[in-house]
Every structure is written in C-alpha cells, then in structure tokens.
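Read the numbers this way: they start at 1 and go in the same order the structure lists the ligands and their atoms. All figures in this text were calculated on a predicted structure; none of them were measured in a lab. For the single chain, residues carry numbers from 1 onward in sequence order. Heavy atoms only: backbone and side chains are in, while hydrogens, waters and symmetry mates are out.
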Amino acid sequence: MKRLAGADKFQNLTTSGSLRRSKNFSSNDVRAKKFLIKWNKSETVKNNQVKKILIIGGGYVGLVSAVCWAKVGHKVFLLEIDPARLKALQAGTAPFFEPQLDALLSAHLQKNLFVTIDVSAAMQELPDFVFLCVGTPANPDGSADLSYVWQAVFDFCKHVKKSCILICKSTLPVGTTAKIDNFIQIFLADKKLKIKIKVVFMPEFLSQGQAIKNFFEPDRIVVGLKCQKKLSMLKKLHAPLLKKHAKFFSMNFASAELVKYTSNAMLALRISFINQIANYAEKVNGNIEQISQAVGADPRIGSQFLSAGLGFGGSCFPKDLAALVHGAAELKISVSIAEAALKGNVEQRQIFLQKILTRFKDLTGKKIGFLGLAFKVGTDDLRESPALWLVQELASCGAQILVFDPQCKKKIKNLLHAQTFQELLQQDFLVIASNFDFLHQIQPQSFLQLKDACIFDGRNCFKETFFDGLKIEYYSVGRF
Ligand code: UGA
C-alpha cells in the first residue's frame with residue numbers, strides 16, 4: 001500500500017505539470033471523433049426509410065439517443081420540459097459533457113433534430129416511434145421514483161393521434177412495462193381511439209464517456225415485448241446499429257427489465273468483490289493488479305471491471321442495485337449478494353479515507369491537492385461520486401482542498417478549483433480519485449514538489465514501482 005524509497009533529488013520536471021485542459025482531456029473526444037469519422041462512411045437511411053422519432057426526455061439517454069438517431073438520418077423530435085435545459089439545447093449546447101455530443105447536436109439541430117417543450121406540438125408530428133427516456137431517480141427507501149415516467153405516459157396518451165411503438169428506455173422496476181401497457185390500452189379503449197400502441201421495453205446500456213460509440217456499436221439489443229408482431233419493425237429501425245457483432249434478443253417485459261438490473265448489478269458486484277480482495281491482498285503483501293490480471297485471464301471470468309479502487313458511483317449502479325434489492329424484497333426474494341455489493345462499496349471509500357487519517361492524524365490546515373471529482377474520468381457527472389464524498393469528509397476534518405477536474409469546473413463553484421494539475425503539486429499531499437490519461441506523461445520526480453511528498457492513489461494509476469528510488473510515500477489500493 002505504501003512505498004518509500006531512497007533518492008531525494010529533485011530532477012527533470014517534464015512540461016506535463018503545465019498541461020492544460022485541451023491537451024489533457026481531449027483523448028476521449030478524439031477517440032469519439034475518429035469513431036464518428038469512420039461511421040460517416042456507413043450509409044444513412046434512404047429517404048423512403050426515414051422515420052419520425054419522438055424522444056421524451058433530454059437527459060443523458062434521451063439526448064444521446066436523439067442526436068444519434070438524427071445522425072442515422074431519421075427525423076427526430078426531442079421533448080424537454082425543463083426550461084433551462086431546453087434553452088441550452090435550442091442553442092446547441094448539451095447540458096452535460098459527453099465526447100462529441102455538442103458536435104452532433106449542432107450538426108443536426110433544426111435540420112433533422114428539433115427540440116421542443118410542447119408535448120402536444122411534438123405529438124402533432126405523428127411519430128412512428130416514441131422513446132421514453134425520463135429519469136427514474138431513487139426514493140429514500142431505495143425504490144425507483146416513477147413520477148416522471150407516469151407523467152410522460154399520461155401526456156403521451158392525452159396527445160397521441162396515430163398508431164406507433166412506445167419504446168421504454170428508462171430503467172423500469174420489474175412489472176412496470178406491463179402496467180404502462182395496461183394503462184395505455186385501457187386509456188385508448190376508454191377514449192374509443194381507433195389506434196394501436198405497442199409498448200416495448202428496451203434496456204439502455206450506454207456508458208458515460210463512450211455513449212456515442214456504444215449507441216452505434218452496441219454489444220446487444222434487448223427487446224421486451226408482449227407479442228412478437230412488431231419485432232420486425234424494431235429490427236429494421238436498429239439495422240444500421242446491428243452491422244457489427246451485436247446480438248439481438250427478444251423476450252417478455254419482465255425478463256428484459258431484469259436484464260437491465262442484472263447487467264448493472266453483475267458489474268457492480270465484480271467491483272465490490274475485487275475491492276474486498278484488494279483489501280485482503282494489502283494485508284498479506286499481495287498485489288491486486290497481478291491478481292486481477294491472472295483471474296481475468298480465465299475467459300469464463302473476463303478481465304473487465306476488475307479494477308480495484310475507491311468503488312463505484314454514478315447515476316446507475318447505486319440506484320439500480322438499490323431498486324433491485326427493493327423490488328425483490330417486495331416479493332420476499334433475497335438478492336443479498338447485491339446488498340453486500342452496495343455495503344462493500346460504501347465501506348471501500350471509508351477504508352481509503354482511513355488510510356489518509358492513519359498517515360496524517362490531524363488534517364487541520366493541511367493543503368490537499370485532489371484530482372478528479374466526477375464519479376469516473378471522462379464525465380462531469382457528480383452523482384454518487386466517491387470522490388465528492390471523500391472531499392467532503394476531508395474538508396470536515398479541517399483540510400483545505402484544491403480540486404482539479406476540468407470537466408466539472410462549472411459544477412463545483414463552491415470548491416477551490418485549480419486551473420492546472422501543476423497547482424495540485426504545490427500542495428502538501430495529493431489524492432487521486434480518477435485515472436486521467438495525462439497522469440501517465442508525468443515524470444515521477446515531478447511529485448517531489450508536494451510538500452509532504454505523499455500520494456494517496458484511489459485508482460491505482462501508477463505501477464507500484466513507479467516511484468522507486470524517490471523519497472515519495474505512495475499509498476494505493478490492494479498493493480503493499
Ligand atoms: C454503467 C454501465 O457500465 C452501463 O452499461 C449502463 O448502461 C449504465 O451504467 C447505465 O445503467 O446507464 P456508467 O455508470 O457510465 O455505466 O459507468 P461505468 O463505466 O460502468 O462505471 C461505474 C463506476 O464503477 C465508476 O465509478 C467507475 O469508476 C467504477 N469502476 C468501474 C471501478 O471502480 N472499477 C472497474 O473496474 C470499473
């Protein structure tokens with residue numbers, strides 16, 4: 001967990017300390033741009049195949065889907081009811097950061113992508129497909145708050161004028177799609193409307209920072225539906241995305257709803273488990289990187305999501321695990337493994353904090369350089385971020401914290417924010433909560449600028465030998 005070595009000469013600073021945002025943080029964007037250039041060569045849909053698509057909700061999934069369907073060539077309407085978000089979107093600015101999202105938004109806005117606040121006007125366009133992409137945040141008891149979903153379904157029913165397919169993309173608790181379907185069929189029968197609405201549930205698997213690529217090159221497309229009748233229409237719509245190796249699965253509503261929860265839970269519990277093994281390894285002079293690599297080399301296990309660190313955050317894993325646990329408990333079914341993953345995740349950040357408190361008994365007045373505030377690198381999303389929790393805890397111990405996370409600048413007005421990473425090296429010690437690419441261009445000697453020459457690395461960014469020969473204390477996760 002800690003390395004302290006001999007030579008203390010301050011040598012050879014690279015220029016990397018003065019690297020600025022454009023250089024440091026463009027790698028995801030460059031990758032996304034290259035990907036889109038490659039994708040440009042694929043055909044967009046022919047004129048006679050252009051469909052009208054309405055997306056309800058301009059949040060993460062909704063906005064990414066809207067710009068991507070527009071890029072495929074369809075005519076897209078995006079319904080956003082929040083006036084501030086709407087204003088930003090209409091001005092061509094995404095309300096959050098995602099590589100190449102702004103570029104796609106401005107390329108299609110007012111051409112084949114239209115943003116509106118008016119549900120009735122959007123439905124007047126007679127969409128062929130309506131995507132439900134509103135949020136399902138967590139209630140205090142862990143259940144999903146479905147108020148946005150039901151409001152959107154009700155608005156849809158009030159204004160629908162033509163037969164269409166309603167595709168639920170919001171992450172829905174098991175049983176919800178069937179309830180939505182029932183509600184809609186009863187509503188139509190009551191109003192004696194002679195139109196047919198097919199409801200399907202299609203779980204979303206976009207990952208922040210790679211959402212555009214994930215959209216165009218999905219691993220799988222999952223459809224939950226009541227009868228197979230409209231499956232061919234859905235396959236046709238998704239055909240441009242199925243060119244590579246994506247698998248297409250169809251099943252009933254409940255199974256598709258469970259696919260979403262199980263996928264996120266499976267990933268989250270891998271992380272919690274490897275973190276607990278990391279804590280074990282640390283006590284017995286083991287090395288979690290070597291362990292993860294060897295364990296992950298078994299193709300039945302696989303190598304991804306075995307990176308030990310501060311634990312998981314974000315708007316999905318914690319919320320979806322809690323909703324899974326809550327839904328199962330209502331049916332008196334135990335998913336205690338998912339509960340353990342959540343518990344282990346909270347403990348993991350506490351263990352990391354304890355490492356800092358063990359080393360520096362009193363943090364009063366200590367100046368800490370803190371790298372990375374979002375829940376992971378490449379996003380500006382602070383929801384459930386272990387880094388944000390850590391900053392708050394350290395601040396409550398009396399430390400003065402200078403944060404550097406260029407993506408989050410606008411979001412953290414109440415925190416002291418550095419303009420360059422170099423500024424963090426002028427503090428007493430450094431805490432790393434995100435593995436930024438630019439870290440790997442920095443010479444180890446640069447870290448000697450830290451007054452206490454001490455680093456707490458919550459993402460195992462450096463090899464444990466990286467600081468060998470330097471008088472630097474290096475604490476990481478799951479390594480001696
Ligand atoms: C996650 C899933 O990966 C997506 O497939 C899913 O569609 C999405 O949730 C969702 O439900 O909307 P995302 O939340 O963007 O995507 O982030 P991940 O890349 O999965 O990372 C989640 C957290 O786990 C981060 O805090 C990350 O730092 C942490 N993590 C990830 C680890 O600690 N170790 C790992 O090995 C991998």
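His440 and Asn435 share a side-chain donor-acceptor pair at under 3.5 Å. Looking only at atom types and distance, the side chain of Thr379 has no donor-acceptor partner in the side chain of Asp381 under 3.5 Å away. Between the side chains of Arg85 and Thr93, no donor N or O sits under 3.5 Å from an acceptor N or O. Counting only N and O atoms by type, the side chains of Thr171 and Lys319 include no donor and acceptor under 3.5 Å apart.
Of the protein's heavy atoms, Phe317 CE1, 3.6 Å lies nearest to atom 22 (C) of ligand 1. Nearest to atom 10 (C) of ligand 1 among the protein's heavy atoms is Cys316 SG, 2.9 Å. From the protein, the heavy atom lying nearest to atom 36 (O) of ligand 1 is Ser307 N, 2.9 Å. Counting only heavy atoms of the protein, atom 32 (C) of ligand 1 lies nearest to Ile271 CD1, 3.6 Å. Of all protein heavy atoms, the one lying nearest to atom 23 (C) of ligand 1 is Phe312 CB, 3.5 Å.
The residue Tyr60 has no part lying near ligand 1, judged by heavy-atom distances below 4.0 Å. Proximity of Asn275 to ligand 1, defined as any heavy-atom pair under 4.0 Å, is not found for any part of the residue. For Val61, no heavy-atom contact with ligand 1 is shorter than 4.0 Å.
Residue contact check for ligand 1: Gly313 places a non-hydrogen atom closer than 4.0 Å to it. Remark: distances from the non-hydrogen atoms of Gly314 to ligand 1 are all 4.0 Å or more.
Residues Met251 and Val223 have side chains not in contact (no heavy-atom distance under 4.5 Å, counting atoms from C-beta outward). Considering only heavy atoms from C-beta on, Val119 stays 4.5 Å or farther from Phe156 through its side chain. In this structure, the side chains of Leu430 and Tyr474 stay at 4.5 Å or more apart for every pair of heavy atoms.
By the 3.5 Å distance cut-off applied to N or O atoms, Leu206 is counted among the residues near ligand 1. Close N/O approach between Phe375 and ligand 1 is found [any backbone or side-chain N/O within under 3.5 Å].
Close approach to Phe205 involves these atoms of ligand 1, each under 4.0 Å from a residue heavy atom: 4 (C), 5 (O), 7 (O). Under a 4.0 Å criterion applied to the non-hydrogen atoms of Gln208, ligand 1 contributes the atoms 15 (O). Every atom of ligand 1 with a heavy atom of Lys260 under 4.0 Å away is listed here by number and element: 6 (C), 7 (O), 10 (C), 11 (O), 12 (O). Contact atoms of ligand 1 toward Ser207: 15 (O), 16 (O), 19 (O) (distance under 4.0 Å to a heavy atom of the residue). For ligand 1 and Asn264, the ligand atoms under 4.0 Å from any heavy atom of the residue are 2 (C), 6 (C), 9 (O), 10 (C), 11 (O).
Phe456 has its ring centre less than 6.0 Å from the ring centre of Tyr475. Ring centroids of Trp69 and His108 are separated by 6.0 Å or more, keeping the two rings apart.
Under 4.0 Å is where a charged nitrogen must lie from a carboxylate oxygen, and between Lys247 and Asp219 no such pair does. Using a 4.0 Å cut-off between charged nitrogen and carboxylate oxygen, Glu347 and Lys343 count as a salt-bridge pair.
Comparing Arg383, Arg459, Arg270, Lys376 against atom 21 (O) of ligand 1, the shortest heavy-atom distance belongs to Lys376.
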